[in-house]
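Shown next, in structure tokens, is the structure this report addresses.
Per chain, numbering begins at 1; letters A, B, ... match sequence-line order. These numbers come from the heavy atoms of this one structure, side chains and all, not from hydrogens, waters or symmetry mates.
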2 protein chains.
Amino acid sequence: MKVEAKVDPSHEEMVEILDKALSTDAIITLFAYCRVFYEGRAKSELGPGDRVIIIKPDGSFLIHQKNKREPVNWQPPGSAVSIVLEDGKIMLRSVRRKPKETLEVELIKTYLVSYFQAEDYEELALTGSEAEMADLIFENPSLIEEGFKPLFKEKPIKHGIVDVLGRDKHGNLVVLELKRRRADLHAVSQLKRYVDALREEHKNVRGILVAPSITAGAKKLLEKEGLEFKKLNPPKREKKKKGKQKTLDFLSP
Amino acid sequence: MKVEAKVDPSHEEMVEILDKALSTDAIITLFAYCRVFYEGRAKSELGPGDRVIIIKPDGSFLIHQKNKREPVNWQPPGSAVSIVLEDGKIMLRSVRRKPKETLEVELIKTYLVSYFQAEDYEELALTGSEAEMADLIFENPSLIEEGFKPLFKEKPIKHGIVDVLGRDKHGNLVVLELKRRRADLHAVSQLKRYVDALREEHKNVRGILVAPSITAGAKKLLEKEGLEFKKLNPPKREKKKKGKQKTLDFLSP
DNA sequence: AGGTTGATATCGCCG
DNA sequence: CGGCGATGTCAACCT
């Protein structure tokens, strides 16, 4: 069965359905009144309340409250889930090995248990990223300034990795730090770090922050440091589909 | 009804159940074969596949594939969802105003529609954060070094906000940058930005990166810049509960 | 509304 | 595996 759902399941039904779902790589969704305990990189406790719990076949474990985009507690992919019967209560435990982290959910009342044998061979095709800004600049360097020649992309230097490294029409070395959204103080510090590193071995190094806009504070620091700003929007282009063929690879020539 | 679930709903049932759920501030969960289109800060397309869709009463909208902790597409809190009937197909549309972003889900087949009238008055009590490192240092300054005197927490300076500002036993100004996890190049750049800003108006400014560990590259840059590292783990303490009382505030004295 | 930074960030890439 | 940086980052806090 691809999908199964049981409202107000008994203990026995819960265990049976969860076992079936876990053994068949299904996505599990629970509506439950529960308590949550986490310990690992940090430590947390969440008192009783109604939440939505999702367990994915890759080990991802999400606990959502009724607001916010972020789960209140979670476990990342690769974690191992198990059902623990304790004091006549059902607990879910998810353990991650490295770093060692444990998540425990005490299910006080389960309103709904459901699972979904999901088939999905598609990947997201997204456009408007920072990487596409770099591509755009290599195709049309005059977007930065007349005479600009891009030379390297993602170039590792002494203390970090530069987005774009090139030369201007006077032969000066030029570092570009690209941001797909409004550039902030952090972006200026990053650019400064690259420029400082390059100035140790080159003279006449320019640093240009390339972004659709810049915060007031970042602009001030940028100018004090003698760095430059160039307005550029990330391009939204047609994107090739990234979907995977199911299992017909052996048919390829 | 607190919870309702319908497997293989008809068009009419879908619309009826969704309407009911949306009008009662329920959390909606769908299992569906669908396509997804997003346009806003970026633009994306996701071909047909099986996904779990969650719509929260605060407008949060999540689309999860069968792996990863992160939703493949989403809309943050405050977005407005609507049901669109088009070509005999049901589409879900979620619109955010600022920035303008739209998410559209074409429901090709819905395997399960369910909703949950969730009640939850608890908030997460978490310990082991960076803020608690600062508290710890104020309580026990010798953890940094003998004679250290912390003076300010979250102190705004010229270009940013310093975690902790204090003086050492010689009267030197000391900037602490705290990290609850392994410190990287970004952390060094951040500390350097603060130290540089303070050195414009003070002499003898020291910068100390305080973290449980540090990456090799960060250590190298830190030393070259004449900054220091102090190992300190974020403390895991007992935390007071942050749960809210339901509606008994008027009973308080 | 904009600025700044933390996060159990997660994720992807590359050495 | 560690290092490094992007993210439609999200979310909190402050001005």
Rounding to an integer number of Å, can you tell me how far [X] [atom1] sits from [N] [atom2]?
X         : N       : atom1 : atom2 : value
Leu124(B) : dA11(D) : CG    : C1'   : 13 Å
Leu62(A)  : dA9(C)  : CG    : P     : 16 Å
Phe61(A)  : dT10(C) : CZ    : P     : 15 Å
Lys220(B) : dG3(D)  : NZ    : P     : 13 Å
Ile157(B) : dC14(D) : CD1   : C1'   : 16 Å
Phe152(B) : dC14(D) : CZ    : P     : 17 Å
Ile63(A)  : dA9(C)  : CD1   : C1'   : 17 Å
Glu70(A)  : dG8(D)  : CD    : P     : 13 Å

Touch class at under 4.0 angstrom, heavy-atom based, for Lys68(A) against every strand present: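 Since only primed, P, OP1 and OP2 atoms lie under 4.0 Å of Lys68(A), the category is sugar-phosphate.
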Sugar-phosphate, base or nothing in reach of Pro77(A), heavy atoms under 4.0 Å: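 Sugar-phosphate contact only - Pro77(A) comes under 4.0 Å of backbone atoms but never of a base.
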Ser82(A) side chain to Arg93(A) side chain, donor-acceptor N/O pair below 3.5 angstrom: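 No pair is found: no donor N or O on one side chain lies under 3.5 Å from an acceptor on the other.
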Comparing Ala42(B) and Ser60(B) on DNA chain D - which has the more 5′ nearest nucleotide: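 Between the two, 5'-proximity favours Ala42(B).
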side-chain N/O Arg41(B) vs dT9(D) OP1/OP2, d < 4.0 Å: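 Indeed, a polar side-chain atom of Arg41(B) lies that close.
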Residue-phosphate contact under 4.0 Å: Arg69(A) side-chain N/O, dT9(D) OP1/OP2: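 Checking dT9(D) against Arg69(A), no side-chain N or O comes under 4.0 Å of OP1 or OP2.
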Heavy-atom protein contacts under 4.0 Å, nucleotides 1-7 of chain C, coded B base, S sugar-phosphate only, - none: -SSSBSS
Can you tell me, in whole Å, how much space there is between the [atom1] of [N] and that of [M]?
N       : M      : atom1 : result
dC10(D) : dA6(D) : C1'   : 14 Å
dT4(C)  : dT8(C) : P     : 23 Å
dC11(C) : dA7(C) : C1'   : 14 Å
dT7(D)  : dT5(C) : C1'   : 16 Å

Whether Arg199(A) side chain and Val205(A) backbone form a donor-acceptor pair below 3.5 Å: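 The answer is yes, because a donor-acceptor pair under 3.5 Å joins these two groups.
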Side-chain ion pair, Lys66(A) and Asp50(A), N-O less than 4.0 Å: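 Looking at Asp50(A) together with Lys66(A), the answer is no, because their closest N to O distance does not fall below 4.0 Å.
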Cationic N near anionic O, under 4.0 Å, Glu177(A) to Lys192(A):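 Looking at Lys192(A) together with Glu177(A), the answer is no, because their closest N to O distance does not fall below 4.0 Å.
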Atom pair CD (Glu104(B)) and CD (Glu45(B)), whose distance is rounded to the nearest 0.5 Å: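 Output value for this atom pair is 11.5 Å.
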Counterpart residues, side-chain contact (heavy atoms from CB on, under 4.5 Å), relative to Glu139(A) (two or more places apart):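 side-chain contact (heavy atoms from CB on, under 4.5 Å) list for Glu139(A), sorted by chain: Asp135(A), Arg237(A).
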Parallel, tilted or perpendicular, as decided by the 30° and 60° cut-offs, for the rings of Phe31(A) and Phe116(B):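 The rings of Phe116(B) and Phe31(A) lie parallel, inter-plane angle below 30°.
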